Amino acid sequence: MKDLLGQWVDGMVGQLRAAGVVPDGPLPAFKIERPKERGHGDFSTNAAMVLARVARMKPRDLAARLLETLPADQQDIERWEIAGPGFINFFVSAARLRRQVHAIIDAGPDYGRSHMGQSEKIMVEFVSANPTGPIHVGHGRGAVTGDVLCRLLTATGYQVHREYYINDAGRQINVLGRSVLHRCRERLEHSSHPLPADFYPGEYVSDILDAMPEELRQSLHAWLASTQPHKEEETVLAATTRFAIDWVLDDIKKDLARLDIHFDHWFSERRLHEQGGIDHALNVLRSKDLIHDGLLEKPKGGAERSQDPWETRKQPLFRATAFGDDVDRPLQKPDGQYTYFAADIAYHLNKYERGFDRLVNIWGADHGGYVKRVEAALEGLTGKKGILHVLLVQMVNLTRNGQPVRMSKRAGNFVTLRDVVDQVGADAVRFWFLTRASASQLDFDLDLAVARSNDNPVYYVQYAHARICSIWRQMEEKGIHAGTLDAGSLSLDAELDLIRYLDTYPETVALAAIHLEPHRIVFYLQDLAAMFHTYYNATRILDDDPQVRMGRLALCQAVRQVIVNGLQLMGVKAPEQM
RNA sequence: GCGCCCGUGGCUCAAUAGGACAGAGCAACGGCCUUCUAAGCCGUGGGUUGCAGGUUCGAGUCCUGCCGGGCGCGCCA
């Protein structure tokens with residue numbers, strides 16, 4: 001409906017332009033919006049105010065001229081007015097609103113979907129947690145956010161590709177293998193050894209050992225039993241590590257599947273190395289003279305934490321400062337290995353070369369410091385700005401009994417995502433993660449969520465849906481035939497307001513996709529549910545008058561459809577009974 | 001010290017691409033179940049949007065500077 005108004009106002013301005021009231025050439029942008037205040041109509045435009053300057057007229061006078069061009073024969077706008085400093089307010093007719101109910105019912109699951117994205121290819125990379133242990137609650141928030149973003153972008157006409165970047169190269173990964181070895185040795189010798197500082201202590205390390213194929217276990221034992229430094233150390237460790245990664249990845253996949261989160265592709269960093277992706281990316285950078293040998297200043301913070309003294313040496317650096325980063329970034333470690341950043345450059349070039357128009361990354365807030373350099377690299381590689389959108393998802397503050405639960409992978413006392421899903425259920429976890437903008441920190445209280453109290457927001461929305469379903473069950477019991485739904489009798493303020501709000505749903509979906517803000521849908525659903533609950537409490541749906549009943553049933557059907565569509569976008573179930 | 005994020009009733013958060021009088025929930029208090037599910041509804045209080053400037057017809061929203069909180073700051077991933 002908003003689009004329709006937009007066309008009209010464009011037409012009105014066009015006529016004034018033809019009449020010479022408004023000059024040719026580019027005009028300042030005006031817009032159509034829905035006023036917060038009901039008394040200001042269903043739609044309003046600031047066109048007269050924005051154009052007043054170029055038209056050399058007072059805003060209100062210009063508004064009057066604009067309205068003279070409004071077609072007289074239309075039925076959709078009941079009345080209009082000039083208000084305040086020069087707003088033009090439009091009031092949609094009740095007949096038009098009633099038709100909207102049928103439009104929603106007819107569109108069904110497609111209501112809210114659009115072709116806005118024009119099949120643009122967009123990759124969303126999310127979760128990408130290191131395969132060194134189970135994913136925790138923080139990852140879960142990123143996972144749900146990414147998943148819903150994908151659903152949103154798909155619904156608005158983008159071609160979406162979901163990807164998980166596996167950090168299966170580098171030191172951390174070997175530490176996982178060594179941790180398994182360590183656990184194996186303990187078992188073999190029936191004793192416990194002090195765990196080296198950075199080894200993984202979690203229970204799952206034993207699980208990995210248990211799941212190990214006999215053959216690999218044997219070679220492990222053989223190697224551990226030998227007193228001499230074993231020349232097969234590298235291969236045994238590599239095989240163990242490989243197995244451990246696969247096990248953990250499989251574990252992660254299961255956790256994500258519990259939340260109905262799936263990926264199109266799991267991209268291996270190791271493979272990127274093996275296939276020369278990094279050399280390729282660095283060659284591209286070199287060809288553009290974006291790598292130079294330079295010295296790196298000792299960083300300000302963090303240095304205190306490190307035991308190793310800072311050593312200044314000449315090394316290849318990416319010219320990140322040419323693209324707005326603070327310092328040029330190193331590409332190689334002292335031992336000649338590539339840095340994580342070098343691999344990241346290669347990975348993002350790889351994404352680009354696979355033909356994606358836009359890249360979205362969902363990162364934890366603790367990776368915020370890397371945004372600039374990756375953006376810089378991508379701009380350097382492609383010459384284009386703004387391909388990459390990094391969405392930083394802030395921390396989840398987990399509490400239990402009001403006490404903060406510490407989450408540290410190293411300390412081994414983190415709460416896994418699985419724990420939380422087990423306790424709270426997938427629907428509540430998903431919904432809860434979406435109740436805040438991702439840039440805001442999120443408090444997640446396990447007790448509250450476990451308690452299944454009224455504070456749990458998902459029930460509120462699901463309940464609205466279940467209530468509507470129950471009306472149909474009620475009809476069945478009473479032997480009332482639904483017949484053909486007809487919104488014609490709807491006339492209460494509450495009913496028309498409800499329709500107006502239903503009408504905003506497609507805009508909300510579009511804006512959520514444009515801004516990459518899934519939480520907007522959750523807020524919408526909560527508001528819609530609230531409006532419905534109010535209406536339901538005040539109005540008898542199954543009225544004795546068949547005409548009235550038909551209308552209300554039609555409205556309920558439309559509300560139900562929008563709730564279903566919205567929950568579907570959130571990946572949350574819409575139970576028919578609660 | 002530098003970078004990013006955040007700052008809105010007692011608490012947790014909204015506020016539609018800068019729009020008209022800043023809204024919900026929780027908490028507090030008072031009401032509503034012989035009629036479609038009370039996991040619900042209605043009502044009452046509660047705000048100088050951290051502070052100070054600036055841009056604009058108009059600022060919670062944009063710019064600058066402070067203040068407060070979070071995250072990050074080898075050549076870890």
Side-chain angles (χ1 to χ4, degrees), chain A residues 29 31 33-37 39-40 44 46 49-50 52-53 59 83-87 89 128-130 132 167 169-173 198 269 296-303 305-306 308 310-311 313 315 325-327 329-335 337-341 343-344 364-372 392 394-395 397 435-437 439-443 452-457 459-460 462-464 466-475 477-478 504 507-508 511 514-515 519-520 523-524 526-527 529-530 532-543 552 556 577-578:
Chain A
K31 62 181 183 181
E33 59 192 6
R34 296 176 181 268
K36 276 182 283 200
E37 196 68 33
H40 294 148
S44 80
N46 60 352
M49 288 147 72
V50 168
R53 189 192 297 269
F87 289 105
N89 297 335
S128 300
N130 289 348
T132 53
N167 297 123
R171 203 186 59 89
Q172 297 268 53
I173 288 305
D198 54 351
E269 181 192 352
L296 215 51
E297 298 268 322
K298 178 177 177 171
K300 289 284 185 192
R305 287 206 317 269
S306 174
D308 304 331
W310 177 258
E311 186 190 341
R313 61 183 184 87
Q315 58 177 321
D325 199 3
D326 309 320
V327 291
R329 303 292 178 179
L331 300 164
Q332 276 182 333
K333 305 177 196 175
D335 63 7
Q337 285 206 343
Y338 291 120
T339 60
Y340 177 76
F341 177 52
D344 234 14
D366 52 343
H367 292 244
Y370 290 81
V371 174
K372 271 191 191 175
L392 293 179
Q394 286 290 332
M395 299 181 57
N397 294 317
T435 55
R436 284 301 101 105
S440 294
Q441 293 187 25
L442 174 79
D443 293 327
R452 297 200 165 229
S453 71
N454 308 356
D455 305 334
N456 213 329
Y459 293 121
Y460 186 77
Q462 288 181 326
Y463 183 44
R467 266 185 154 173
I468 295 171
C469 294
S470 133
I471 294 169
W472 263 262
R473 285 194 296 272
Q474 220 14 253
M475 281 198 295
E477 276 178 32
K478 293 184 178 172
T504 67
E507 292 157 39
T508 303
L511 284 169
I514 289 168
H515 293 280
H519 73 279
R520 289 172 186 250
F523 283 105
Y524 175 90
Q526 286 177 324
D527 288 344
F532 175 74
H533 284 310
T534 297
Y535 174 64
Y536 178 91
N537 271 278
T539 321
R540 179 132 186 104
I541 308 300
L542 297 178
D543 194 89
R552 292 179 180 167
C556 286
Q577 218 164 338
M578 292 181 73

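Chain naming here is simple, since letters A, B, ... match the order of the sequence lines and numbering starts at 1 in each. Being a predicted model, the structure only gives us computed values, none of them experimental.
Comparing the same atom, C1', in B:U61 and in B:C42 gives a spacing of 33 Å after rounding to whole Å. Between B:G9 and B:G46, the two P atoms lie 15 Å apart (nearest whole Å). Comparing the C1' positions of B:A59 and B:G19 gives a spacing of 10 Å, expressed to the nearest Å. Rounded to whole Å, the separation between the P atoms of B:G45 and B:A14 comes to 26 Å. Comparing the same atom, C1', in B:G7 and in B:U48 gives a spacing of 16 Å after rounding to whole Å. Comparing the P positions of B:G60 and B:U49 gives an interatomic distance of 7 Å, to the nearest angstrom.
Counting any heavy atom pair closer than 4.0 Å across all strands shown, A:A169 reaches sugar-phosphate atoms only and no base atom. The residue A:Y370 sits close to a base: some heavy atom pair falls under 4.0 Å. Across all strands, A:M395 comes closer than 4.0 Å only to sugar-phosphate atoms, never to a base (heavy-atom distances). Within the 4.0 angstrom heavy-atom criterion, base atoms lie near A:Q577.
Every ring-ring contact (aromatic ring centres under 6.0 Å, His included) that A:H533 has, sequence neighbours left out, goes to A:Y460, A:Y463. Residues passing the ring-ring contact (aromatic ring centres under 6.0 Å, His included) test with A:H519, sequence neighbours excluded: A:F523. With sequence neighbours left out, A:D543 forms a salt bridge (Lys or Arg N to Asp or Glu O under 4.0 Å) with A:R552. A:Y524 pairs by the side-chain hydrogen bond (donor to acceptor under 3.5 Å, both in side chains) definition with nothing, not counting sequence neighbours. When the salt bridge (Lys or Arg N to Asp or Glu O under 4.0 Å) test is applied to A:R34, the partners found at least two apart in sequence or on another chain are A:D503, A:E507. A:K36 meets the salt bridge (Lys or Arg N to Asp or Glu O under 4.0 Å) test with no other residue; sequence neighbours excluded. In this structure, the side chain to side chain contact (heavy atoms under 4.5 Å, CB included) partners of A:A52, at least two apart in sequence or on a different chain, are A:P59.
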| task | State the dot-bracket string of RNA chain B. Criteria: Watson-Crick or G-U wobble, both atom distances under 3.5 angstrom; notation: ( ) intrastrand, [ ] crossing earlier pairs, | interstrand, . unpaired. | result | (((((((..((((.....[...)))).(((((.......))))).....(((((..]....))))))))))))....
| note | Per-nt protein contacts along nucleotides 14-21 of chain B (heavy atom under 4.0 Å; B base, S backbone sugar-phosphate only, - none) come out as SSBB-BBB
Which atoms of nucleotides 8-10 of chain B (N or O only) lie under 3.5 Å from a protein N or O atom, and what are those distances?
none

Tabulate protein N/O versus nucleotide N/O from nucleotides 31-36 of chain B, keeping only pairs under 3.5 Å, one per line.
from, atom 1, to, atom 2, distance (Å)
B:U35, O2', A:R540, NH1, 3.2
B:U35, O2', A:R540, NH2, 3.1
B:C36, O3', A:Q474, NE2, 3.2
B:C36, O2, A:L542, N, 3.1
B:C36, N3, A:I541, N, 3.0
B:C36, N4, A:Y536, O, 2.6
B:C36, N4, A:T539, O, 2.5

Check nucleotides 42-50 of chain B against the protein and report each pair of N or O atoms closer than 3.5 Å, with its distance, or say if there are none.
from, atom 1, to, atom 2, distance (Å)
B:C42, OP1, A:T534, OG1, 2.8

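A donor-acceptor pair under 3.5 Å links the side-chain atoms of A:N46 to the main chain of A:K31, judged by distance alone.
A distance of 11.5 Å separates CG of A:D344 from CG of A:L331, quoted to the nearest 0.5 Å. Distance check: A:C556 SG to A:W472 CH2 gives 5.5 Å after rounding to the nearest 0.5 Å. Taking CD from A:E33 and NE2 from A:H40, the interatomic distance works out to 11.0 Å, rounded to the nearest 0.5 Å.
When the nucleotides B:C5, B:G40, B:U12 are ranked by their closest atom to the side chain of A:Y460, B:G40 comes out on top.
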